[in-house]
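Single-structure report; data block below.
Note that the coordinates shown come from a computational prediction; the quantities given were computed from them, not determined experimentally. All chains are named by letter (A, B, ...) in the order of the sequence lines, taking the proteins before the strands, and each is independently numbered beginning at 1.
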Protein chains: 2
Amino acid sequence: MPKLNPLKKTAATRDPEATKCQILDAATIEFAVGGLAAARTESIAAKTGVTKAMIYYYFNSKEELYRAVMQRCFNEDLRLVKQLNLDQLTPPQALVTVVSNMYQKMCSRPQMASILALESIQNSGKYYPQQTAEILFDQLIDLLDRGIDSGDFRPLESRHTAISIVGSCAFYFIARENLKHMWPGQDLLSPEMIDRQSKEATNMILAGVLAPGKSV
Amino acid sequence: MPKLNPLKKTAATRDPEATKCQILDAATIEFAVGGLAAARTESIAAKTGVTKAMIYYYFNSKEELYRAVMQRCFNEDLRLVKQLNLDQLTPPQALVTVVSNMYQKMCSRPQMASILALESIQNSGKYYPQQTAEILFDQLIDLLDRGIDSGDFRPLESRHTAISIVGSCAFYFIARENLKHMWPGQDLLSPEMIDRQSKEATNMILAGVLAPGKSV
DNA sequence: AAGATAACTAACAAGTAAGTTAATTATTGG
DNA sequence: CCAATAATTAACTTACTTGTTAGTTATCTT
């Protein structure tokens, strides 16, 4: 009874890896808007070249697909952060690098911030990949501690401050649709806007943590 | 056929205003977890003493109920902010007041941050009450501009900086469920934790915007 | 105190969504 | 090149969700 379209993808009519990737890509977009709860498997499938049944063939359930999306997001992030070689920079330099890099990452993949916010709000962090995420956060916390020890940064509680720092960045991406009226007609994800926001945030954060008299 | 529980609320068996309020309260909690899309009217009703039909009787649809919840949130917020009389304070004093007040508000109603984040992410800010919200944001922006003019604050772009400031506060509440492993066994909404986070954020923000040599 | 009206309920109709299944087509290894 | 297997599909089942409706009970007015 099922009648297949005779002329599908010319070359690779079947490519399991590509199909899995297509599903993950589509799911990332869908989960970034509604989170696990509001995402529709039908809608994810519609974004791909394959049917909904493929989601279950490769990922067994919406929940497992969600886990896979989250894990992939963090793996990519981890890979990028490792390339920064923060230990080889002074604490102030490292902080500037981390912050501007955070904006670059969130700009190129604006789903990241949304997915994490939704995970916390909707699922109480049940699917948050702690192990991986901790490495990322610790990178920033260690950097702050290093700066306090070296006298570059004023005395501060590094964990609380790390949250403020990440928050000042992430919030721009999380709340951007609410805030767009502040710059009518502008795209808040345009390179120019990101650049301005990134610079202002970097200025505030750096000035906010540097010990009196110190600079980059 | 409908059999009513003979012993309901002793006194006010019927109280339209209280019922509406119950629905709004329950809806606020439900929308704060799932947003408009993932909220269940059935679940909202279950949190109240009345049936689902009452939601439609008083609010016509899930969407209108959502609008009402959002509007009430902002009205409360606006009332609180007006009481601060920021004009009567110096810019640094006013900034400290705004920030610590922001933590107090979000602590007493942690739904606020979640609802706003969800609105931006899920609905692209379609239901975001711009008029009301703008007043709140402008309060902070004007304060920053006032500080730049007076020389208390360094030159900065007040809109971008305002976002960083609000973000460093809001993010703690938005992402708290993801971040709770940073303080194992602690309640991130406990007065002590809020106080510490608030203090650290205030320190960073103030130091981040003050002109060199200036203080509160 | 009776009739009108406002508040409220249980049960239902219609539509949506997750996950399954049996059949179909492509790929691969002998 | 053929059989086994992997990838894929359309259609279906089951469960859930929104919104409605017809009827019931409390309250209010005169």
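Nearest nucleotide to the side chain of A/Pro16, out of C/dA7, D/dA26, D/dA7: D/dA7. In this structure, of D/dT9, C/dA10, D/dA7, it is C/dA10 that holds the atom nearest to the side chain of B/Thr51.
The phosphate of C/dA7 (OP1 or OP2) has no side-chain N or O of B/Thr19 nearer than 4.0 angstrom. Between B/Ser61 and D/dT18 there is no side-chain polar atom (N or O) within less than 4.0 angstrom of OP1 or OP2.
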After noting the C-alpha distance and the side-chain angles of A/Met112 and A/Phe173, does the key distance pass the side chain to side chain contact (heavy atoms under 4.5 Å, CB included) rule? CA-CA 9 Å; A/Met112 187 80 181; A/Phe173 295 91; over 6 Å; no
Might you work through the side chain to side chain donor-acceptor pair (under 3.5 Å) test for B/Glu177 and A/Tyr128, ending with a clear yes or no? CA-CA 9 Å; B/Glu177 292 290 342; A/Tyr128 184 72; over 6 Å; no
Criterion side chain to side chain contact (heavy atoms under 4.5 Å, CB included) on A/Tyr172 and A/Met106, from CA distance to verdict: CA-CA 10 Å; A/Tyr172 181 80; A/Met106 290 189 186; over 6 Å; no
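Comparing A/Ala53 and A/Ala37, the nucleotide of DNA chain C nearest to each residue sits closer to the 5' end for A/Ala37.
Judged by distance alone, with hydrogens and angles left aside, the side-chain atoms of A/Glu119 form a donor-acceptor pair with the main-chain N or O of A/Tyr127 at under 3.5 Å. At least one donor-acceptor pair closer than 3.5 Å links the side chain of B/Ser120 to the backbone N or O of A/Ile174.
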I'd like a table of donor-acceptor pairs (distance under 3.5 Å, sequence neighbours excluded) in which one partner is a side-chain atom from residues 24-31 of chain B, with atom names and distances.
from: B/Asp25; atom 1: OD1; to: B/Arg72; atom 2: NH1; distance (Å): 3.1
from: B/Asp25; atom 1: OD1; to: B/Arg72; atom 2: NH2; distance (Å): 2.8
from: B/Thr28; atom 1: OG1; to: B/Leu24; atom 2: O; distance (Å): 2.6
from: B/Thr28; atom 1: OG1; to: B/Arg72; atom 2: NH2; distance (Å): 3.4
from: B/Glu30; atom 1: OE1; to: B/Ser43; atom 2: OG; distance (Å): 2.9
from: B/Glu30; atom 1: OE1; to: B/Lys47; atom 2: NZ; distance (Å): 2.8
from: B/Glu30; atom 1: OE2; to: B/Arg40; atom 2: N; distance (Å): 3.0
from: B/Glu30; atom 1: OE2; to: B/Ser43; atom 2: OG; distance (Å): 3.4

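Spacing between atom CD of A/Glu63 and atom C1' of C/dG19 amounts to 14 Å, rounded to whole angstrom units. Across the protein-nucleic acid pair, B/Ile23 atom CD1 and C/dC8 atom C1' stand 11 Å apart, rounded to whole Å. B/Met54 places its CE atom 16 Å from the P atom of D/dT24, with the value rounded to the nearest Å. Look at OH on A/Tyr57: it is 17 Å from P on C/dT24, rounded to the nearest Å. Note: CD (A/Glu17) to C1' (C/dT27) measures 15 Å, nearest angstrom. Separating the OH atom of B/Tyr56 from the C1' atom of C/dT9 is a distance of 16 Å, rounded to the nearest angstrom. Counting to the nearest Å, the C1' atom of C/dA18 and the CG atom of A/Asn60 are 14 Å from each other. Rounded to an integer number of Å, the gap from B/Ile55 CD1 to D/dT20 C1' is 14 Å.
We find that B/Glu64 and B/Arg67 are not joined by a salt bridge, their nearest charged nitrogen and carboxylate oxygen being 4.0 Å or further apart.
B/Phe59 comes within 4.0 angstrom of nothing in the nucleic acid, heavy atoms only.
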Give each protein N/O atom lying under 3.5 Å from an N/O atom of nucleotides 12-17 of chain C, with the pair distance.
from: C/dA17; atom 1: OP1; to: A/Arg40; atom 2: NE; distance (Å): 3.3

